[in-house]
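Report on the following structure.
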Amino acid sequence: MKIPYGDHFPGHITSMCKLDVVVNTIREKLTRQQLKLFKDDIFGHFLQCRSYPFSGVIVHNILLRQVSHGDGNDKDELWFQVGDHLIRLSIGEWCLVTGLCYGEKVFLTKHKTKHRLLNKYFGGRNRDINLGQFEEIFMNLRFKTMNDTDALKIAMFYFADRVLHGRKDHCQINFNLLNEVDDINHFRSIPWGRLSWETIYKSIDNVLNGKAKKFKKASAENPLHRIEKYNFYGFTSAVHVSEEVFFYNLVLL
């Protein structure tokens, strides 16, 4: 066990993934034609997601049960001990659950039309837009008068950066990614399953580091400290779905 049973503690998770918000915003702002383009593209299947509550209790209790397995060096899988069962979450299951493309690691490249979208629609505010501000700007864009392809690009960037990367509101948007989406065919070819997996793998593997000791110390100093609060980054909604699949399979067993 990464954290022995005796050191388990109650936790409250705040998910940084804004799947519901982004899906609803895209549905609300894009024109009918632009929405059709988005539905037919690589992230279109996520528009079928309705309100999907994130259960921090379930996720926290799964994270507590992470175990070392094999040589411990495989970055393509994570293992959890639930009762008598070892459960694996690998990049294969991840891509099945998310419907995103599996592929080799890629590096984002700077597109030749550097900052075209930024300059045209966001006032050229390079290095001066965080995720929360971008959401507000997105809501105020006049999509009805916008070129449909540009509208699709901006919506795809919004989804990728806000949902798949799942960061705090005060974090800057990924300006390189905003350039990437301007070459839309290249953007489509990026293995988003792998990129989102690498983010969530790092998040799961590190999120509870030091939390057990912190809780034990805090609760010893203050008897009213009964729960440890922490943030969970990346595409956490997909982690929740994966865990529901785990429990369903356990029932079948």
Side-chain angles (χ1 to χ4, degrees), residues 16-49 98-101 103 105-200 233-235 237-238:
M16 296 295 107
C17 179
K18 304 293 183 181
L19 177 61
D20 287 355
V21 172
V22 172
V23 166
N24 290 334
T25 302
I26 289 174
R27 283 184 171 276
E28 176 184 343
K29 294 299 298 181
L30 268 59
T31 67
R32 182 177 298 180
Q33 175 59 26
Q34 292 163 2
L35 196 58
K36 183 180 184 304
L37 292 175
F38 190 93
K39 285 180 178 178
D40 293 339
D41 225 301
I42 56 175
F43 302 141
H45 56 288
F46 291 106
L47 292 184
Q48 300 176 37
C49 296
T98 61
L100 296 172
C101 180
K105 184 176 177 65
V106 297
F107 296 93
L108 300 180
T109 58
K110 294 182 179 179
H111 190 256
K112 62 183 179 182
T113 57
K114 186 175 181 180
H115 300 320
R116 184 187 72 84
L117 294 173
L118 183 70
N119 293 329
K120 186 172 182 178
Y121 298 104
F122 306 103
R125 293 167 55 189
N126 192 18
R127 307 299 172 189
D128 187 33
I129 304 176
N130 62 37
L131 290 168
Q133 291 168 337
F134 183 86
E135 204 152 63
E136 183 178 349
I137 294 170
F138 187 92
M139 288 295 295
N140 291 323
L141 286 175
R142 300 178 63 186
F143 284 95
K144 291 182 179 179
T145 62
M146 189 184 299
N147 174 276
D148 287 344
T149 301
D150 279 357
L152 172 64
K153 291 176 179 179
I154 292 170
M156 290 174 70
F157 164 77
Y158 177 40
F159 185 91
D161 206 30
R162 191 61 161 150
V163 175
L164 302 186
H165 291 162
R167 309 187 310 286
K168 291 182 178 180
D169 286 354
H170 65 74
C171 294
Q172 287 185 336
I173 64 170
N174 188 327
F175 292 94
N176 288 335
L177 192 60
L178 188 57
N179 289 325
E180 291 280 322
V181 77
D182 211 10
D183 183 349
I184 197 163
N185 287 326
H186 166 67
F187 188 87
R188 289 169 177 144
S189 71
I190 294 172
W192 290 106
R194 175 164 289 280
L195 290 185
S196 60
W197 166 259
E198 289 172 354
T199 299
I200 206 67
Y233 303 94
F235 193 5
S237 296

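What you see below is based on every heavy atom in this structure, not just the backbone, and it leaves out hydrogens, waters and symmetry mates.
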Spacing of CG belonging to L177 relative to CZ belonging to F187, to within rounding of 0.5 Å: 5.0 Å
Check: N140 side chain, E136 main-chain N or O, donor-acceptor pair, under 3.5 Å: yes
Residue pair A155 / F138: nearest heavy atoms and the distance that separates them: CA-CE1, 4.1 Å
Spacing of OG belonging to S237 relative to CD1 belonging to I200, to within rounding of 0.5 Å: 9.0 Å
D41 side chain to G44 backbone, donor-acceptor under 3.5 Å: no
H165 vs D161, side chain to side chain donor-acceptor pair (under 3.5 Å): CA-CA, chis, key distance, verdict: CA-CA 5 Å; H165 291 162; D161 206 30; 3.1 Å; yes
Value rounded to 0.5 Å, distance of NZ in K29 from CG in N24: 13.5 Å
Whether N174 side chain and N176 backbone form a donor-acceptor pair below 3.5 Å: yes
Heavy-atom pair with the smallest gap, counting every atom of T25 and V21: OG1-O, 2.7 Å
Where G124 and N119 come nearest, the two heavy atoms and their spacing: CA-OD1, 3.3 Å
For K153 against L117, the heavy-atom pair lying closest together: CB-CD1, 4.2 Å
Distance-minimising heavy-atom pair for D148 and Q34: OD1-NE2, 3.0 Å
Side-chain heavy-atom pair Y158, V163 within 4.5 angstrom cut-off: no
Test item: M156 and I42 side chains (from C-beta on) under 4.5 Å apart, heavy atoms: yes
pair K168-L131: side-chain heavy atoms closer than 4.5 Å: no
Ionic contact status for R162 with D169, cut-off 4.0 Å: yes
Value rounded to 0.5 Å, distance of CZ in F175 from CZ in F157: 7.5 Å
With sequence neighbours excluded, residues passing ring-ring contact (aromatic ring centres under 6.0 Å, His included) with Y121: none
Side chain to side chain contact (heavy atoms under 4.5 Å, CB included) between E198 and R194, intermediate numbers included: CA-CA 6 Å; E198 289 172 354; R194 175 164 289 280; 3.5 Å; yes
Sidechain-backbone polar pair: R167 side chain, Q172 backbone, donor-acceptor under 3.5 Å: yes
Contact summary for K120 and D150, nearest pair of heavy atoms: NZ-OD2, 3.9 Å
Close aromatic pair by centroid cut-off 6.0 Å: F38 and F46: no
Side-chain touch L164/L195, heavy atoms, less than 4.5 angstrom: no
Straight-line distance of W192 CH2 to C101 SG, nearest 0.5 Å: 11.0 Å
Separation of T149 OG1 from I154 CD1 (nearest 0.5 Å): 11.0 Å
